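Everything on this sheet refers to the single structure shown next.
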Amino acid sequence: MTTQFGKGCHLHLIDGSAFIFRAYHALPPLTRKSDGMPVGAVSGFVNMLQRYVEGNSGPDAPTHVAVIFDKGSHTFRNDLYDQYKANREAMPEDLRPQIPLTRDATRAFNIACEEIEGFEADDIMATLAHQARDAGGRVTILSSDKDLMQLVGDGVEMLDPMKNKRIDRDGVLEKFGVAPERVVDVQALAGDSVDNVPGAPGIGIKTAALLINEYGDLESLLDRAQEIKQPKRRQTLIDHRAQIELSKQLVQLDCDMELPFTLDDLEVKDPVVDDLMAFLTEMEFRTVTKRIADKLGVEAPVVEVATSAEEVAAPEAVPFDADKYECVRDAAALQVWIDRIWERGYVAVDTETTGLNEMVVDLVGISLCVEAGQACYVPLAHKAAPADDLFGSDDMADGQMDMDTCLDLLRPVLESDAVMKIGQNMKYDAKIFARYGVAVAPIDDTMLMSYAMNAGLHNHGMDTLSDRYLGHTPIPIKPLLGTGKSAITFDRVPIDQAVPYAAEDADITLRLWQQFKPQLHVKQVTTVYETLERPLVPVLAQMERNGIKVDRDTLSRMSNAFAQKMAGLEAELYQLAGHEFNVQAPAQVGKILFEEMGLEGGKKTKTGQWSTPADVLEDLATEHDFAGRILDYRQLAKLKSTYTDALQEHVNPDTGRVHTSYSIAGANTGRLASTDPNLQNIPIRTEEGRRIREAFVAEPGKVIVALDYSQIELRILAHIAGIDALKQAFLDGIDIHAMTASEMFDVPLDEMTPEVRRQAKAINFGVIYGISGFGLARNLRIPRGEAQGFIDRYFERFPGIRKYMDDTVSFAKEHGYVQTLFGRKINTPEINAKGPHAGFAKRAAINAPIQGTAADVIRRAMVRMPDAIADMPAKMLLQVHDELLFEVETGAVEDLIGTAREVMENASDPAVRLDVKLAVDAGQGANWAEAH
DNA sequence: ACGCTCACG
DNA sequence: GACGTACGTGAGCGTA
């Protein structure tokens, strides 16, 4: 019954993207009950298709129809002009997962559904319209996009589906002032701010049409531009000729594409009722399913809708099956996966490497997963022989793709805006890819999703998440790599063993994502995830890759000096003790102090050993030199081993710099943590330790700049607890600890003694930590009763603080979590515990909103910083909780300080209006010691 | 592997 | 009435 497309045929071309966006914006967010999948746009899309189908009767009915979609964001137009559509807003988060479903919906209606990588839907429609016209048929384009108006004429018309208004030649003339053939000329001149087509500055559609009508076409106009009377207009056309010609190329649709299908493939077919009903049921659309079933004259299938998330069993589990994972060994096999990724719009990615330090390790292989249970591993650099093979052990194993070939094939998907790349701790993989020249974006991260939802409940490593949320224990890596000295790197793992392990990681990640993504809304942490967690990934990746220059010679000299002093102290200590012992063993030190010397005040740890912490030794030091010497020795040993020695090992041989790694999901409160090495605890409190910072230097011609928030936690406390006296003090720029002391002890500010101020300062910090009489007493070394008196006095003067504390604890007891000002949730599972646990949990709950809000503030500043300083010769290097460190060219220091301070001081805006202004102190110098 | 101690905010 | 406590981290060392 197939008829050849030709005279008498009528082709309908539906602009799929326009349908999707209209559907998305017309409907409120709607989620599928069973799993929370957003389906609002799909529902709207289905409605529009249904209305379309219903309206297709009578003599004007189409014989052929197709819905045409965009695919990928990179087209030949981006090659012509990299700014094409560059200012287009990113696709909304909850729309992206619905895109593949709109394809499914179209197929469910048995309507042809077409898209071609690298081309816009407009080009496909242009080509089809020309083919149909040339074959003698009629064409109707269902779209209101003015870019398509150039196609109108000779049997091609547009139909605005919203206004139900047909647009023919006259309609185009009305809109553009020229015939359809000249529409591109007008667009080339007028440009298009939506698509970021430049055009000619200062010329709009009206003027453009005037000029084209006068000179006939664009080429003639540009050739004869000298003749234009208005001087400004003339000059614009002469100056911007290249830009105008480029614009024409951008707006000109491609009517001669090679299509992998023919018009005949687009013939109108009746829907297959079962397929359509199956799709609607799967989407859990009750009303729409019933309506369409009625229209089709069939019984509506029962759509089961769960009443709450808890009642729903886990989405029917596809069992984990390592045998199903594919090993991808050549380009053809990889291409199959890439095609599937484009079709899906998302992919879970995992990299395997030769180690854990992403600045050093080599890429060994890549895993991909597009659907639960369906994953592959692409081995790239596995060695042929195991490590203990003495002969030819560096030969590559057979059957692996060439690294560059693989990365070149994957790069388009990994960099495409249209494909979401899903990872578990994506910062790691993104840094690896970055070193291989691939800029992975956009990304989702299951670790960060878990962190946003479950901070405080458990850690967010893959093993934990898989066990907890998928009920599946991942294949352990240990048996593959071995332990200790005989451990091998992943490139020595035989490929057949690597495949199940590596592919499973991607499979797990995808399943976690499918589960977590819809839950972000339910748990109301989407904004936290999207503004405070995820955007930090590229920012931190860049900072970590920047690294900071560390001068090994400086450290080395200090290390030698420390060693000498330690040797001297060691000898003295042996003499004082009367025998040799291990100075660094607390148990031995305790034995000497509390048994051999018989000193009082010793306590034992829960393991039964003598305890010798610094504060105890400090008290003893007044009685006996031994304790003081131990303290001195310990300080030096700490500085030497942790800083001057270990830090040198962390200098990267390629960059000469130290590259820390930040954990985004480590600290429950939202703070970052720095590891390998920890650069957030470089000494500063003692003069000797502080000198370590002299080794953190700027390159020649550059300067280290440090900006830190002044008293940010106390300011946040003043805001949250609404303490007017504190707010006023910050407003007036008064010394906040002195003010506290003055209020508490009725001492005028100008008679304040350092001792009284010190006590008030301890109380201020104590408040932030969830103060207790015992803790304050120990900190200030005063009797417990006296400390309690201070606290009572404090609460009398600042009753808002006590209220904040009580309110916070009762909120935590009721809800099981506390919140920062920006909505970050910190779970408090122990808050209702009995016994000593309870005290910990209470204090943590009191502290978390304050510490967490401060953490949120600096995160916001960091996310905004790269754009703010983009045109400055400056790099952001480190974050130390309330401080950001930069390396800046000497001439740009003041600029950088001005801009970065602005970003930091206003970081809470516009989400939160703080009653207290945030203040930022700045310093600069050749090294970190000078900058602080 | 774990506890102790100590470096930072 | 006793208990055991300042909040949040990471690293190096000694000891099991």
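We name chains A, B, ... by the order of the sequence lines, and we start the count at 1 in each one. Just so you know, these numbers come straight off a predicted model, no measurement behind them.
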### Query
Donor-acceptor pair, A/R797 side chain versus A/M744 backbone, under 3.5 Å?
no
### Task
With A/R843 as the cation and A/F840 as the aromatic partner, state whether NZ or CZ is under 6.0 Å from the six-membered ring centre and within 45° of the axis.
yes
### Query
Quick one: A/D708 CG to B/dC8 P, roughly how many Å, whole number?
15 Å
### Task
Go along nucleotides 9-16 of chain C 5' to 3' and tag each nucleotide: B for a protein heavy atom under 4.0 Å from its base, S when only backbone or sugar atoms are that close, - otherwise.
SBBSSSS-
### Query
Does A/H932 use its side chain to pair, donor to acceptor, with the backbone of A/W928 at less than 3.5 Å?
no
### Task
Output yes when at least one side-chain N/O atom of A/R843 is less than 4.0 Å from OP1 or OP2 of C/dA6, else no.
no
## Note on the structure
Note on DNA chain C: ranges paired as stems (three or more Watson-Crick/G-U pairs in a row, both atom distances under 3.5 Å) are B:1-9 with C:7-15
### Message
Please determine whether the number of non-hydrogen atoms from other residues, nucleotides or ligands lying under 6.0 Å from atom CD of A/E596 exceeds 12.
### Response
yes
### Query
Below 4.0 angstrom, N of the basic side chain to O of the carboxylate: do A/E544 and A/K427 qualify?
yes
### Task
Describe the nucleic acid contact of A/G770 in one word from base, sugar-phosphate, nothing, applying a heavy-atom distance below 4.0 Å.
nothing
### Task
Taking the six-membered ring for Trp and the full ring for Phe, Tyr or His, determine whether the centres of A/F811 and A/Y817 are under 6.0 Å apart.
yes
### Task
Calculate the interatomic distance between A/M805 atom CE and C/dT5 atom P; express it in whole Å.
19 Å
### Query
Whole-Å distance between B/dA7 P and A/F696 CZ?
16 Å
### Query
Is it the case that A/T660 and A/S674 place a side-chain donor and acceptor less than 3.5 Å from each other?
yes
### Task
With a 4.0 Å heavy-atom cut-off, tell me which residues in residues 916-932 of chain A come close to DNA chain C, sorted by residue number.
none
### Query
Are any of A/R778's side-chain N or O atoms less than 4.0 Å away from OP1 or OP2 of C/dT5?
no
### Message
From CD of A/Q711 over to C1' of B/dG9, roughly how many Å is that when rounded to an integer?
### Response
12 Å
### Message
Strictly below 4.0 Å, N to O, side chains only: are A/E688 and A/K640 in salt-bridge contact?
### Response
no
### Task
Compare every heavy atom of A/L918 with every heavy atom of A/M904, then report the nearest pair and how far apart it is.
O-CD1, 4.3 Å
### Query
A/F765 CZ to C/dG8 P: how many Å, rounded?
16 Å
#### Entry: Ion pair check, A/R629 and A/E572, cut-off under 4.0 Å
yes
### Task
Run the salt-bridge test on A/E755 and A/R758 with the 4.0 Å N-O cut-off and return the result as yes or no.
yes
### Query
Which whole number of Å gives the distance between the P atom of C/dT5 and that of B/dG3?
15 Å
#### Entry: d(NZ, A/K842; C1', C/dG8) in whole Å
20 Å
### Task
Using a cut-off of strictly less than 4.0 Å, decide whether A/R685 has a side-chain nitrogen or oxygen near OP1 or OP2 of B/dC8.
yes
### Task
Kindly state which residues belonging to residues 844-857 of chain A come within less than 4.0 angstrom of DNA chain C, counting heavy atoms of the residue only, listed by number.
A/A844, A/N847, A/Q851
### Message
What contact category does A/F840 fall into here, base, sugar-phosphate, or nothing, at under 4.0 angstrom with non-hydrogen atoms?
### Response
sugar-phosphate
### Close approaches to DNA chain B from residues 610-633 of chain A, in residue order (heavy atom, under 4.0 Å)
A/S611, A/T612, A/P613, A/A614
### Task
Return yes when atom NZ of A/K591 has more than 12 non-hydrogen atoms of other residues, nucleotides or ligands closer than 6.0 Å, and no otherwise.
no
### Task
Verify, without hydrogens or angle tests, whether A/R693 (side chain) and A/P683 (backbone) share a donor-acceptor contact under 3.5 angstrom.
yes
### Task
Give me the residues of residues 779-789 of chain A where at least one heavy atom lies under 4.0 Å from an atom of DNA chain B, by number, or none.
none
#### Entry: Donor-acceptor contact present, side-chain A/Q759 to main-chain A/A741, <3.5 Å
no
### Query
Among side-chain atoms of A/Y794 and A/N764, is any donor-acceptor pair under 3.5 angstrom?
yes
### Ring centroid separation A/F790 to A/F745 under 6.0 Å
yes
### Task
Taking only Lys NZ, Arg NE, NH1 and NH2, and the carboxylate oxygens of Asp or Glu, determine whether A/E533 and A/R824 approach each other closer than 4.0 Å.
yes
#### Entry: Nucleotide B/dC8, atom P - distance to CD of A/E713 in whole Å
17 Å
#### Entry: Same-atom distance (C1') from B/dC8 to C/dG4, integer angstrom
26 Å
### Query
Whole-Å distance between C/dA6 P and A/I771 CD1?
13 Å
### Task
State plainly whether the residues A/R781 and A/D619 are in salt-bridge range, i.e. N to O under 4.0 Å.
yes
### Message
Between A/Q588 and A/N582 (side chain of the first, backbone of the second, donor and acceptor by atom type, cut-off under 3.5 Å), is there such a pair?
### Response
yes
### Query
A/S772 near the nucleic acid: base, sugar-phosphate alone, or nothing, with a heavy-atom cut-off under 4.0 Å?
base
### Query
Would you say B/dC4 has OP1 or OP2 under 4.0 Å from some side-chain N or O of A/T605?
yes
### Task
Between C/dC3 and B/dA7, how far apart are the C1' atoms? Round to whole Å, please.
30 Å
### Task
Have a look at A/A762 and say if it touches a base, only the backbone sugar-phosphate, or nothing, with a 4.0 Å heavy-atom cut-off.
base
### Query
So does A/E570 pair up with A/K565, basic N to acidic O under 4.0 Å?
no
